[in-house]
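Input: a single structure, listed below in structure tokens.
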Amino acid sequence: MIGNPRYGRIGLLALPYYVVFELLAPFIELAALVLLPLGLWAGAVDVGFMWRFVLVAYGYGLLVSLVSLFIEEVSFHRYPRWSDLLRGVVAAILENFGYRQILAVWQVRGALGALHGRRAEWGTMHREGFDTVRESAEPVGVGVDP
């Protein structure tokens, strides 16, 4: 389908976009995280350009997260208190320091596993309704007569 005009916008735009920007992005991000320090060590990377590039890259990610948070709030009003919205803003900032990098590692591992034909195993999921209360989840002293 990719690049085939017979499939219209899906084949000419959507799937190529997915391959370049979604499927390859974790590989590129991890390569940059390894090659950038090596390039700095070898003197092949201009430090001023590197800082500007890093600020633009992570700034764009932060902007996308904040705009998504804003659109969610304007559209659905899911955050009843200002403190909830503030926690979302703080999370959008903090996700760039560690979480994004480990997520890229997990994405690469998953993609490589899929390429090697390994099936993803999630394990057994035990579902419970919201009304179901487990005895071990009760706080100390609940239901005990003095």
Side-chain angles (χ1 to χ4, degrees), residues 1-37 40 45-146:
M1 286 178 69
I2 296 176
N4 190 339
R6 176 177 163 202
Y7 295 102
R9 288 177 280 189
I10 299 279
L12 294 175
L13 296 173
L15 290 177
Y17 170 87
Y18 176 78
V19 168
V20 172
F21 293 103
E22 299 293 334
L23 190 61
L24 296 179
F27 291 94
I28 294 168
E29 186 170 355
L30 284 183
L33 290 172
V34 171
L35 293 175
L36 187 61
L40 285 170
V45 175
D46 178 38
V47 176
F49 176 78
M50 181 213 51
W51 282 115
R52 287 190 299 274
F53 187 81
V54 167
L55 287 175
V56 167
Y58 285 108
Y60 177 73
L62 177 62
L63 179 69
V64 169
S65 295
L66 292 177
V67 167
S68 300
L69 190 64
F70 175 75
I71 291 171
E72 176 80 16
E73 177 58 25
V74 168
S75 300
F76 301 108
H77 305 295
R78 299 209 189 228
Y79 306 104
R81 297 181 303 254
W82 281 101
S83 61
D84 295 333
L85 197 56
L86 182 62
R87 283 197 336 234
V89 170
V90 169
I93 293 168
L94 293 178
E95 77 176 336
N96 292 299
F97 303 102
Y99 174 74
R100 212 172 129 165
Q101 293 78 18
I102 194 71
L103 181 62
V105 169
W106 292 335
Q107 289 170 326
V108 166
R109 286 180 58 195
L112 292 176
L115 285 174
H116 288 113
R118 288 192 299 261
R119 293 186 49 87
E121 298 277 339
W122 287 88
T124 305
M125 304 292 270
H126 298 285
R127 309 241 186 250
E128 295 181 11
F130 288 115
D131 293 335
T132 305
V133 176
R134 289 182 288 153
E135 298 218 7
S136 63
E138 287 186 352
V140 176
V142 172
V144 176
D145 290 329

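Below, each value reflects all heavy atoms present in this structure, side chains not excepted, and no hydrogens, waters or symmetry copies.
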Do the side chains of W82 and L85 get nearer than 4.5 Å, heavy atoms only? yes
Side chains of residues 102-127: which donor-acceptor partners sit under 3.5 Å, not counting sequence neighbours?
unit_1 : atom_1 : unit_2 : atom_2 : d
H116   : ND1    : L112   : O      : 2.9

May I have all residue pairs that pass salt bridge (Lys or Arg N to Asp or Glu O under 4.0 Å) and include part of residues 50-64, sequence neighbours excluded? none
I'd like a table of donor-acceptor pairs (distance under 3.5 Å, sequence neighbours excluded) in which one partner is a side-chain atom from residues 61-75, with atom names and distances.
unit_1 : atom_1 : unit_2 : atom_2 : d
S65    : OG     : G61    : O      : 3.2
S65    : OG     : E95    : OE2    : 2.6
S68    : OG     : V64    : O      : 2.8
E72    : OE2    : R78    : NE     : 2.7
E73    : OE1    : Y79    : N      : 3.4
S75    : OG     : I71    : O      : 2.8

For a quick test of your reading: what N or O donor-acceptor pairs under 3.5 Å do the side chains of residues 3-16 make, sequence neighbours left out?
unit_1 : atom_1 : unit_2 : atom_2 : d
N4     : OD1    : R6     : N      : 3.0

I28 side, atom CD1; L35 side, atom CG - distance, nearest 0.5 Å: 11.5 Å
Can you name the side chain to side chain contact (heavy atoms under 4.5 Å, CB included) partners of E22, sequence neighbours left out? Y17, Y18
I'd like to check the side chain to side chain contact (heavy atoms under 4.5 Å, CB included) partners of R87; sequence neighbours left out, ordered by chain and number. D84
